[in-house]
Amino acid sequence: MTLIFTIKRMTYNFNEIEAKWQKYWAKNQTFKAENNSVKPKFYVLDMFPYPSGAGLHVGHPLGYIASDIYARYKRHKGFNVLHPQGYDSFGLPAEQYAIQTGQHPAITTAENIKTYRRQLDQIGFSFDWSREVRTSDPSYYKWTQWIFIQLFNSWYNKDADKAEDISTLEKIFISEGNSNVNAVCDADIISFSAEDWNAFDSKKKQQILLQYRLTYLAETEVNWCPALGTVLANDEIVNGVSERGGHPVIRKKMTQWSMRISAYAERLLQGLDKIDWTDSLKESQRNWIGKSVGAAVSFKVLANNENESHAEHVEASHVIDVFTTRPDTIFGVSFMTLAPEHELVSKITTPAQKAEVEAYVLATAKRSERDRMADVKTITGAFTGAYAEHPLTKQPIPVWVGDYVLAGYGTGAVMSVPSGDQRDYDFAKHFNIPIPNIFEGVDISKEAYASKDNVVIANSDFLNGLNYKEATKKAIQELEKLGQGEGKTNYRLRDAVFSRQRYWGEPFPVYYVNGMPQMVDAKHLPIRLPEVEKYLPTETGEPPLGNATVWAWDSVNNKVVSNEFVTLSAVEGSHNGIYPLELNTMPGWAGSSWYFNRYMDPDNTEAFASKEALNYWKDVDLYIGGSEHATGHLLYSRFWQKFLFDKGLVPVDEYAKKLINQGMILGTSAYVDVISLEFIDNEGAYFSSNKFDTLISKRISDFYNKNCKKIQNYFNDESKKEAIIKSLTDEEKENFTYLIKCFDEFAEKFGCKEPSYGLPYRIRPVLLDISLIDEAKNEIRLEKMESALNFTKVDNVIKESDGTFKVKREVEKMSKSKYNVVNPDQICVDYGADSLRLYEMFLGPLEQYKPWNTAGITGVHGFLKKLWKLYVGENGLLVNDTEPSKDSLKTLHKTIKKVQEDIENFSFNTSVSTFMIAVNELTAQKCTSKEILEPLLVLLSPYAPHIAEELWSQLGHKASISTVPFPTFDERHLVESSKNYPISFNGKMRFTLELPMDFNAQQIEEAVMANEKTQEQLQGRTPKKVIIVPGKIVNIVG
RNA sequence: GCUCAAGUGGCGGAAUUGGUAGACGCGCCGGAUUCAAAAUCCGGUUCUUCGGAGUGCGGGUUCGAUUCCCGCCUUGAGUACCA
């Protein structure tokens, strides 16, 4: 027994060591953070994961390892560190799995969390698990619901520039109506006096208040995804299709809960200046908020009078409101353009133009959003026949309809200044509309002058001779005098849709009385998710919660009851205080918008966190997560934090002082090319041959890609066939004939001789399962292909010239569907968590995207073994009390300096190489001194905590290494007595020369010139100049 | 199109107050050990016509440029008729 134990101690048995210390940390609660401490606080946060069924791959822990190193480093530096972890556990995949299998999402989520926890634990993170949160836990979402109620009970007072309780607004309405209220609210608000207000019935009052609330119910145009059966937020749509699953998305009018984030647009923008986030991230938030400063201008529509070429009567009822960023160019307006969807289009179009305009509007409506986006070059439009009056010149201006104007932005109408805007310019050129030049000395014969720089306004009455800034100011002044315009700031940021037609999300604490939403009293929260039989929409198209038999609110007894009573009581004409509950659930970002505050006091049942805890921890000092959340989570959470701050519920209005985006770790996937038959028929439907696909060699696919046009012509133009064949070389002809043969076979099998549109055949890459590849040879195992991919023609595969069949490799995002994920579990078994941690850091800079290659891990693993050997030899511990050598002290102190600098700069990759250098040097020095080797372990412990703990305890320490003070750097050990000078000739280093450190420039020059190598380089020439930088370099110019 | 990153050996990457380009590791080559293999250890590894050349390309500033300036090219990310 003793012998075995001794042997075990002698070798680096990482599996045993890591299990031992992970158990130790858990048992001793080593990383539990206290809410009161004499130490300064430091809050290190990771973006919490969604626990997917696939478990962790090696890309997930990257950010966690970095934050863990930082957290551990801060503990060594004497801070009280809060480093929590939890789960963003509501979400679509669990629900879709539930739809397929009938398993309750709560069950699969719990299972997934178990897997995640096991995987996280085996990597040795210093999380304080006593503070774990789960967004799907009722004790957590109780407070998500509570915050929702606070938002409902608030409005945004622009004068105070903050959110206030809705009761203050009601008071104003009662005493003076809404004319003096400066609020962020719906656009179509009616104006009313105090008398009006007091005369309104209760429902009317509620409707009006709803238009002011920070979360409100409104019929809005939403992104509806039919395949997912739910609405999606703008940031959940990528390239016109859903982020999850890639399904098409259409615009649809629906009544939905929205969040009035637009109220915070300016503060969200300003707040960016006081937080230390990366520039690129701030930039994307700025773009998303999309602030533009300019003016709102009103153009009166002139009355239709077919008999007069210049209409003179102003029809007061129609006004075209526009927003412009260039009020200085207002005299350059030569036409106006309305979006085809603009409500005035049908009202102002003259009878003569009616047919043309209607046809145009219909044609644009037919085009999908994607078509319109893809085709921005074709200029289309129609003249309405109507004219508007220029507010300053009073001249009539033709009003056009054009689809380059978007209904969804600004007012859906623009004043067109062709000389100053390229789109207006192109439109004017296309329809022969005059292009008046309003810029001094600028040639606009070829293109518009869109710049704001070096502008001198001309042909513009009182604006002549002014620059952009002056003219803008003057123009706005004049418009304000006329009451036809004012300075205005526009934001692109839209209010966020907050309803989802899903099961697995937070239920709203909302029930409906006479169709008006009522909040459940906060003391009755949480409203728990009801049980449902199936997780799909109901037969009548209601969201999944409509399937629940118990889903109504008993407002007398304050509890959720069976919804039979609603129907029953409705029939009897008496509600008995029982009302239907909201059927939508909250979106994924609800729970993640405030979780960082919950970690401060996760078990509180009286508040989402206590005042004491919030005041102690305040904000996150370091937040690490992916950049994909730039315009979603990171914007919404800042919005909620600002709201909570306004309500005095949190002490700071920006919750994350510093934020770092870790780069993605990419996987390598394998592809083969296949020939595929596909076409689009007259109806626009898409067909693909699929199982007629044939595996094809690189040679053929290269040929195809090069000659794509020719092949297309061959199929589309009968007359060219012969000429095309003739133009090919013999080798090309062989490839070509093979391709044609394949295509023809497909066409025959598919029964499709003449596809109606586009290129009927294409080469497309197909992802390969790793099991289909002979990794060593990078070849396909052909025998497995046929059954796996359903190909019909594997036996006909054309091989490469050397008789093999190579696969193509592509580095891309790790994903189960691409068969390129690498699981950390096996790596921990084979090399240990410390090796994994070091290797992930060693791969490259934290923020960079980088490919994963498991083979490289042997480097850091070898380093750990070498390190172990420095401490433990075959006969036991090697460390003793001998005096350290000068060299060893130098090695230690330069390592302290570098590692400390690296951690503070988040340059973790370079510390790993610094450790390697240190161990290589100390091994060469045969260092055994405790004075060196003890502090070295402390330096290493944030990176490789298990081996550090183990060796630390073997050195005789009883307590964990985790709170030992970080070694202090002593410059004296780095002082050198001589310098190995690089000697350059014309800037090129030719040799080096060892000289005493205290030599002055003259002494250095003498020594260098006296050296025979210098004379050899000069070959008798006299140098023109000798540059000496003592302590750095010598450069001889000659 | 616009905005932001980034381009350095076979690969991941080092070097930013301008001062020895390629640290550290992988891979590869050679050697030691071994019956053999693995593991381990030692040496080599930017290219080269051995003069030199060389950090995406072309200029510039400088005694000296991966680093600073001007003009391009490429890749990645975000965003897009945003008025």
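Below, chain A is the first sequence line, B the second, and so on; all start at residue 1.
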To the nearest angstrom, how far is [X] atom [atom1] from [N] atom [atom2]?
X: A/Arg990; N: B/G19; atom1: CZ; atom2: P; value: 19 Å
X: A/Tyr839; N: B/G13; atom1: OH; atom2: P; value: 10 Å
X: A/Lys894; N: B/C24; atom1: NZ; atom2: P; value: 11 Å
X: A/Asn1035; N: B/A65; atom1: CG; atom2: P; value: 9 Å
X: A/Phe842; N: B/C11; atom1: CZ; atom2: C1'; value: 12 Å
X: A/Asp902; N: B/A23; atom1: CG; atom2: C1'; value: 12 Å
X: A/Met989; N: B/G22; atom1: CE; atom2: P; value: 8 Å
X: A/Glu283; N: B/U3; atom1: CD; atom2: P; value: 9 Å

Using atom [atom1] of each nucleotide, how far apart are [N] and [M] to the nearest Å?
N: B/U66; M: B/G54; atom1: P; value: 9 Å
N: B/A5; M: B/G51; atom1: C1'; value: 41 Å
N: B/U46; M: B/C11; atom1: C1'; value: 13 Å
N: B/G56; M: B/U75; atom1: P; value: 16 Å
N: B/G18; M: B/U62; atom1: C1'; value: 9 Å
N: B/U16; M: B/C69; atom1: C1'; value: 16 Å
N: B/U17; M: B/A65; atom1: C1'; value: 14 Å
N: B/A32; M: B/A37; atom1: P; value: 12 Å

Which part of the nucleic acid, if any, lies within reach of [X] when heavy atoms closer than 4.0 Å are counted: base, sugar-phosphate only, or nothing?
X: A/Ser280; answer: sugar-phosphate
X: A/Thr325; answer: sugar-phosphate
X: A/Gln422; answer: nothing
X: A/Asn920; answer: sugar-phosphate
X: A/Asp279; answer: nothing
X: A/Asn490; answer: nothing
X: A/Ser416; answer: nothing

Using a cut-off of strictly less than 4.0 Å, decide whether [X] has a side-chain nitrogen or oxygen near OP1 or OP2 of [N].
X: A/Tyr409; N: B/A83; value: yes
X: A/Lys865; N: B/U40; value: yes
X: A/Arg492; N: B/A83; value: no
X: A/Asn909; N: B/A14; value: yes

Problem set entry | A/Lys429 atom NZ, neighbour heavy-atom count above 12 within 6.0 Å |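 Above 12, so yes.
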Exercise. Just wondering, more than 12 heavy atoms not from A/Asn1000 lying within 6.0 Å of its CG?
Worked result: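 More than 12 within 6.0 Å, yes.
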Problem set entry | Pairing of A/Asp273 and A/Arg286 as salt bridge, 4.0 angstrom limit |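 Counted as a salt bridge, because a side-chain N and a carboxylate O are separated by less than 4.0 Å.
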For this session: State plainly whether the residues A/Lys894 and A/Glu921 are in salt-bridge range, i.e. N to O under 4.0 Å.
Result: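 Yes, A/Lys894 and A/Glu921 are salt-bridged.
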Exercise. Is the base of B/G51 syn or anti, if syn means a glycosidic angle within 90° of 0?
Worked result: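 Here B/G51 takes the syn form, which means its glycosidic angle is within 90° of 0.
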For this session: Determine if the base of B/G9 is syn or anti; take syn to mean the glycosidic torsion is within 90° of 0.
Result: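 It is syn.
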Exercise. So A/Ser262 and A/Tyr491, side-chain hydrogen bond (donor to acceptor under 3.5 Å, both in side chains) or not? Walk me through it.
Worked result: CA-CA 8 Å; A/Ser262 56; A/Tyr491 298 91; over 6 Å; no
Counterpart base for [N], defined by Watson-Crick or G-U wobble contacts under 3.5 Å:
N: B/A65; result: none
N: B/U17; result: none
N: B/G54; result: none
N: B/C41; result: B/G31
N: B/C26; result: B/G10
N: B/C4; result: B/G76
N: B/A36; result: none
N: B/A83; result: none

Output the single nucleotide from [options] whose closest atom is nearest the side chain of [X].
X: A/Pro845; options: B/G13, B/G19, B/C63; answer: B/G13
X: A/Lys1032; options: B/C4, B/A15, B/U17; answer: B/U17
X: A/Lys988; options: B/G19, B/G54, B/G12; answer: B/G54
X: A/Ile1027; options: B/C63, B/C81, B/A23; answer: B/C63
X: A/Lys869; options: B/C81, B/G12, B/U40; answer: B/U40
X: A/Thr910; options: B/U20, B/A15, B/G12; answer: B/A15

Exercise. Do you see a donor-acceptor pair shorter than 3.5 Å between the side chains of A/Thr278 and A/Glu847?
Worked result: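 No - no donor-acceptor pair under 3.5 Å links their side chains.
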Exercise. Would A/Lys866 and A/Asn920 count as having a side-chain donor-acceptor pair, cut-off 3.5 Å?
Worked result: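 Yes - a donor-acceptor pair under 3.5 Å links their side chains.
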Exercise. On RNA chain B, nearest-nucleotide positions of A/Ile917 versus A/Pro982: which is more 5'?
Worked result: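 The residue whose closest nucleotide sits nearer the 5' end is A/Pro982.
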Problem set entry | Closest-nucleotide ordering on RNA chain B, the 5'-leading residue of A/Leu281 and A/Lys850 |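 Nearer the 5' end of the strand: A/Leu281.
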Problem set entry | Ring geometry between A/Tyr943 and A/Phe908 (parallel below 30°, tilted from 30 to 60°, perpendicular above 60°) |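 If you compare the ring of A/Phe908 with that of A/Tyr943, the planes turn out perpendicular.
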Exercise. Which word best sums up how the rings of A/Phe427 and A/Trp400 line up, parallel for under 30°, tilted for 30 to 60°, or perpendicular for over 60°?
Worked result: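 If you compare the ring of A/Phe427 with that of A/Trp400, the planes turn out perpendicular.
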